[in-house]
Amino acid sequence: KNEVEQSPQNLTAQEGEFITINCSYSVGISALHWLQQHPGGGIVSLFMLSSGKKKHGRLIATINIQEKHSSLHITASHPRDSAVYICAVGKTGNQFYFGTGTSLTVIP
Amino acid sequence: EPEVTQTPSHQVTQMGQEVILRCVPISNHLYFYWYRQILGQKVEFLVSFYNNEISEKSEIFDDQFSVERPDGSNFTLKIRSTKLEDSAMYFCASRPRGRVETQYFGPGTRLLVL
């Protein structure tokens with residue numbers, strides 16, 4: 001049983017394209033995280049959301065609590081954005097369920 | 001900028017041996033976590049730790065696993081008798097006080113059990 005589903009699993013885009021990655025979850029949550037995992041394996045937290053929308057540079061994350069859905073958008077994509085993007089939801093703040101990730105490749 | 005550090009970066013061990021993975025969380029953080037990621041699979045939650053005790057643990061975190069904060073700075077994960085299926089990348093994370101705050105991840109320790 002997957003508490004967190006992401007789509008698409010793989011995504012290839014041309015440099016400059018607008019990218020959307022989706023996350024749906026089936027459990028009640030206290031927060032949702034978007035994480036970025038680089039080819040070397042390191043994980044960076046991009047956003048933590050409990051409602052609404054957040055923006056950081058070219059990245060925008062939105063969440064709809066009623067629909068149990070979140071999206072991560074990347075504007076003006078760049079090859080350095082190539083990574084695996086992971087959605088993770090926290091039920092209590094201390095236990096997290098992770099999606100399988102979306103592997104993004106941005107081609108110059 | 002402060003960061004979470006983990007040692008070693010890589011460890012190879014024989015099946016049945018004990019391993020201790022070490023993490024130094026960010027100094028004013030109060031909540032600590034261990035996750036693992038088997039190669040090609042998703043990240044999985046193992047355990048969370050607060051106020052010197054386990055606050056939550058997953059089904060994966062069985063009696064073979066233990067965590068400790070021995071000296072107020074290190075946060076360790078011990079696997080008592082390693083199995084082949086324990087081979088994975090192990091990530092430590094920490095976060096400050098606050099009901100919902102972002103976590104900061106360490107770079108991971110890649111464990112290979114032969």
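So that the names make sense, note that chain A is the first sequence line, chain B the second, and so on, each numbered from 1.
- Within the 4.5 Å cutoff, side-chain heavy atoms of B:F105 are placed close to those of A:L35.
- If you chain together hydrophobic residues whose side chains sit under 4.5 Å apart, A:L59 and A:I21 fall into the same group.
- Summarising the local packing, CZ of B:R69 is surrounded by more than 12 heavy atoms from other residues, nucleotides or ligands at distances under 6.0 Å.
- Considering every non-hydrogen atom in both B:K42 and A:F98, the closest pair reads CD-O, 3.3 Å.
- Rounded to the nearest 0.5 angstrom, B:S58 OG and A:Y97 OH are separated by 9.0 Å.
- With hydrophobic clusters built from ILVMFWY side chains whose heavy atoms lie under 4.5 angstrom apart, B:I60 does not share a cluster with B:L39.
- Both B:F45 and A:V84 are assigned to one and the same hydrophobic cluster, defined by single-linkage of ILVMFWY side chains at heavy-atom distances under 4.5 Å.
- Contacts with chain A were tallied for B:E44, B:Q37, B:M89; B:Q37 has the most, counting heavy-atom pairs under 4.5 Å.
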